[in-house]
Amino acid sequence: MKQKHLSFLIPYLLWIILFVIAPLVLILGYSLTDAAGHFTLHNFVLFFSGDTFIKMMLNSFWYALLITFFCLLISYPAAMVLTKLKNQQFWLMLVILPTWINLLLKAYAFIGIFARNGMVNQFLHLFGIGPVPILFTDFAFIFVATYIEIPFMIMPVYNALKEIDPALIRASSDLGASFWQTFRYVIWPLSWPGVESGIQAIFIPSLSLFMLTRLIGGNRVITLGTAVEEYFLTTMNWNMGATIGVILIFLMTIVMILTSGKRHKKEIDL
């Protein structure tokens with residue numbers, strides 16, 4: 001019986017080996033070799049010795065942090081409102097619906113909205129303002145990235161809030177706690193697992209964004225994701241591109257570890 005159960009793991013193990021482990025080994029192998037296939041650490045030395053790649057790495061962290069912050073700032077209140085609404089499944093479907101649309105189509109739609117003759121500038125023209133250069137700016141990139149990734153923050157936060165026992169909130173109110181005290185000491189700590197999941201779902205992919213940086217941010221937004229695309233598709237320097245990919249994977253792993261720490265119970269003085 002045990003052998004029969006183990007046989008069910010074979011497809012899963014094959015999938016992991018072929019599509020997770022093998023690509024990681026391949027990328028690591030490219031990063032540790034030169035164009036001739038000889039072992040070298042020159043790619044890593046080049047990455048950490050120059051200011052260009054360090055600046056890209058800091059830019060990646062900064063943009064990912066901003067996108068995650070704005071997603072959380074919008075998604076948490078939205079998730080709290082969703083828990084109070086009737087027909088919650090209908091509203092959740094509206095939240096999820098934009099994720100069914102292809103990312104490229106959404107990017108081109110925003111290009112039309114933010115363009116010099118787009119909808120935003122046409123609206124501003126009614127008030128005698130414009131045209132305002134919105135496209136190919138940091139604002140446009142962060143706005144579009146936040147819009148696209150908001151559903152991936154709302155869903156885990158919503159699920160975490162739904163799991164909170166309403167009796168705990170009522171008990172906090174009966175004991176004389178204000179709304180903000182209840183939120184700080186009851187709602188926020190109990191919903192933190194959902195916030196952690198949302199941070200992972202947004203911050204980690206945001207580190208490696210490259211399509212939006214090109215289409216919406218133009219050449220102003222330079223991240224490690226854009227560098228990987230450049231080295232693999234333009235300069236054809238796969239070894240350096242793989243090196244940046246390995247560093248990105250390492251950074252993502254650190255973020256996952258930091259946002260998946262053990263949760264310790266602690267006493268709180270009200």
Student: Sub-3.5 Å donor-acceptor pair from the side chain of Thr83 to the main-chain atoms of Leu161, do we have one?
Tutor: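 Absent.
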
Student: How close do Met256 and Gln200 get, counting heavy atoms only, and between which atoms?
Tutor: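 Heavy atoms of Met256 and Gln200 come nearest at O-NE2, 3.6 Å.
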
Student: Quick check: does any side chain N or O of Asn121 sit under 3.5 Å from a backbone N or O of Ala115, one acting as donor and the other as acceptor?
Tutor: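 Side chain of Asn121 to backbone of Ala115, a donor-acceptor pair under 3.5 Å: yes, one is there.
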
Student: Among all residues two or more places apart in sequence or in another chain, which pass the side chain to side chain contact (heavy atoms under 4.5 Å, CB included) test with Leu66?
Tutor: Trp62, Phe70, Ile142

Student: May I have the step-by-step check of side-chain contact (heavy atoms from CB on, under 4.5 Å) for Phe114 and Val144, ending in yes or no?
Tutor: CA-CA 10 Å; Phe114 288 151; Val144 175; 3.8 Å; yes

Student: Tell me whether Phe39 at atom CZ has more than 12 heavy atoms from other residues, nucleotides or ligands lying less than 6.0 Å away.
Tutor: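 Yes, because the 6.0 Å sphere around CZ of Phe39 holds more than 12 heavy atoms from other groups.
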
Student: Of the options Leu41, Leu26, Thr40, Val246, which is the one that meets Ser31 in a side chain to side chain contact (heavy atoms under 4.5 Å, CB included)?
Tutor: Val246

Student: How about CG on Asp51, more than 12 heavy atoms from neighbouring residues, nucleotides or ligands closer than 6.0 Å, or not?
Tutor: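 Atom CG in Asp51 is not packed in, count stays at 12 or less.
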
Student: Checking Leu28 against Ile249 for the side-chain contact (heavy atoms from CB on, under 4.5 Å) test, could you report, in this order, the C-alpha distance in whole Å, the side-chain angles of both residues, the deciding distance, and whether it holds?
Tutor: CA-CA 10 Å; Leu28 183 61; Ile249 293 172; over 6 Å; no

Student: According to a hydrophobic-cluster definition based on side-chain heavy atoms being under 4.5 Å apart (Ile, Leu, Val, Met, Phe, Trp, Tyr only), do Ile101 and Ile154 belong together?
Tutor: no

Student: Heavy atoms, side chains only, cut-off 4.5 Å: are Ser206 and Tyr63 in contact?
Tutor: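 Counting from C-beta outward, Ser206 and Tyr63 never come under 4.5 Å.
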
Student: Can you name the closest pair of heavy atoms from Gly241 and Val228 and give their distance?
Tutor: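 Where Gly241 meets Val228 most closely, the heavy atoms are O-CG2, 4.1 Å.
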
Student: About how many Å separate OH of Tyr12 and CD1 of Ile17, when rounded to the nearest 0.5 Å?
Tutor: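 Reported to 0.5 Å precision, the distance equals 11.0 Å.
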
Student: I'd like to check Ile21 versus Ile16 (side-chain heavy atoms, cut-off strictly below 4.5 Å). Are they in contact?
Tutor: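 They are in side-chain contact.
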
Student: Taking the side chain as every heavy atom from C-beta outward, state whether Met80 and Ser191 have any pair of such atoms under 4.5 Å apart.
Tutor: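 Sidechains of Ser191 and Met80: no contact.
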
Student: Where does the angle between the aromatic ring planes of Phe183 and Phe179 fall among parallel (under 30°), tilted (30 to 60°) and perpendicular (over 60°)?
Tutor: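 Phe183 and Phe179: parallel rings.
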
Student: Between Ser172 and Leu168 (side chain of the first, backbone of the second, donor and acceptor by atom type, cut-off under 3.5 Å), is there such a pair?
Tutor: no

Student: For Ala107 and Ile216, work out which heavy atoms get closest and say how close.
Tutor: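 For Ala107 and Ile216, the tightest heavy-atom pair comes out as O-CD1, 3.5 Å.
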
Student: Taking the inter-plane angle between the rings of Tyr76 and Trp188 on a 0 to 90° scale, is it parallel (under 30°), tilted (30 to 60°) or perpendicular (over 60°)?
Tutor: tilted

Student: So which of Gln122, His125, Arg116 actually passes side chain to side chain contact (heavy atoms under 4.5 Å, CB included) with Pro131?
Tutor: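 Single side chain to side chain contact (heavy atoms under 4.5 Å, CB included) partner of Pro131 among Gln122, His125, Arg116: Arg116.
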
Student: Are Leu212 and Tyr147 co-members of a hydrophobic cluster defined by side-chain heavy atoms under 4.5 Å apart?
Tutor: yes

Student: Inspect the surroundings of CG in Asn102 and state if more than 12 heavy atoms from other residues, nucleotides or ligands are less than 6.0 Å away.
Tutor: yes

Student: Would you say Met93 and Ile96 are hydrophobically clustered, going by side-chain heavy atoms of ILVMFWY under 4.5 Å?
Tutor: yes

Student: Please report the C-alpha distance between Leu251 and Val255 in whole Å, then the side-chain angles of each, then the deciding distance to 0.1 Å, and finally whether the side-chain contact (heavy atoms from CB on, under 4.5 Å) criterion is met.
Tutor: CA-CA 6 Å; Leu251 295 175; Val255 173; 5.6 Å; no

Student: Using every non-hydrogen atom in the two residues, find where Asn239 and Asp34 come nearest and quote the distance to one decimal.
Tutor: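 For Asn239 versus Asp34, the nearest heavy atoms are ND2-O, 3.3 Å.
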
Student: Keeping Asn237 on the side-chain end and Met240 on the backbone end, is there a donor-acceptor pair under 3.5 Å?
Tutor: yes

Student: State, to 0.1 Å, how close Leu209 and Ala145 come at their nearest heavy-atom pair, and which atoms those are.
Tutor: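 Scanning both residues, the minimum pair turns out to be CD1-CB, 4.2 Å.
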
Student: Roughly how far apart are Leu215 CG and Leu135 CG, rounded to 0.5 Å?
Tutor: 9.5 Å

Student: Does Phe48 CZ have over 12 foreign heavy atoms under 6.0 Å away?
Tutor: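 Yes, enclosed.
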
Student: Is there a side-chain contact between Leu46 and Thr243 (heavy atoms, below 4.5 Å)?
Tutor: no

Student: Step by step, work out the side-chain contact (heavy atoms from CB on, under 4.5 Å) result for Ser75 and Val157.
Tutor: CA-CA 8 Å; Ser75 299; Val157 173; 5.5 Å; no

Student: Measuring only between side-chain heavy atoms, which start at C-beta, is Ile113 closer than 4.5 Å to Phe110?
Tutor: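 Touching, per the 4.5 Å side-chain cut-off.
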
Student: Could you note down all residue pairs passing ring-ring contact (aromatic ring centres under 6.0 Å, His included) where residues 200-237 supplies at least one of them, sequence neighbours left out?
Tutor: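 Non-adjacent pairs meeting ring-ring contact (aromatic ring centres under 6.0 Å, His included): Phe61-Phe203, Phe232-Trp238.
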
Student: Identify whether Ile27 and Met236 are in the same connected component of the hydrophobic contact network (ILVMFWY, side-chain heavy atoms under 4.5 Å).
Tutor: yes

Student: What are the two closest heavy atoms between Leu207 and Leu248, and how far apart are they?
Tutor: O-CD2, 3.7 Å

Student: Within the structure provided, determine whether Phe152 and Thr99 are in side-chain contact (heavy-atom separation under 4.5 Å).
Tutor: yes

Student: Are Met155 and Leu190 in one and the same hydrophobic cluster, where Ile, Leu, Val, Met, Phe, Trp and Tyr link if side-chain heavy atoms are under 4.5 Å apart?
Tutor: no

Student: Would a distance-only check, ignoring hydrogens and angles, find a side-chain to backbone donor-acceptor pair under 3.5 Å from Lys55 to Ile222?
Tutor: no

Student: Measuring from atom CD1 of Ile202 to atom CD1 of Ile204, what distance do you get when rounded to the nearest 0.5 angstrom?
Tutor: 11.0 Å

Student: Is there a side-chain contact between Leu82 and Gln88 in this structure, where contact means two heavy atoms from C-beta onward sitting under 4.5 Å apart?
Tutor: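 No, their side chains stay 4.5 Å or more apart.
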
Student: Are the side chain of Ser197 and the backbone N or O of Pro193 linked by a donor-acceptor pair below 3.5 Å?
Tutor: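 Present.
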
Student: Hey, could you give me the CZ/OG distance between Phe47 and Ser49, rounded to the nearest 0.5 Å?
Tutor: 10.0 Å

Student: Taking atom CD1 of Ile247 and atom CG of Leu224, what is their separation to the nearest 0.5 Å?
Tutor: 7.5 Å

Student: Starting at CG of Leu32, measure out to CG of Asn43 and round the result to the nearest 0.5 Å.
Tutor: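 It is 8.0 Å, given to the nearest 0.5 Å.
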
Student: Using side-chain heavy atoms (C-beta onward) and a distance below 4.5 Å, is Met153 in contact with Thr68?
Tutor: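 Yes, their side chains come closer than 4.5 Å.
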
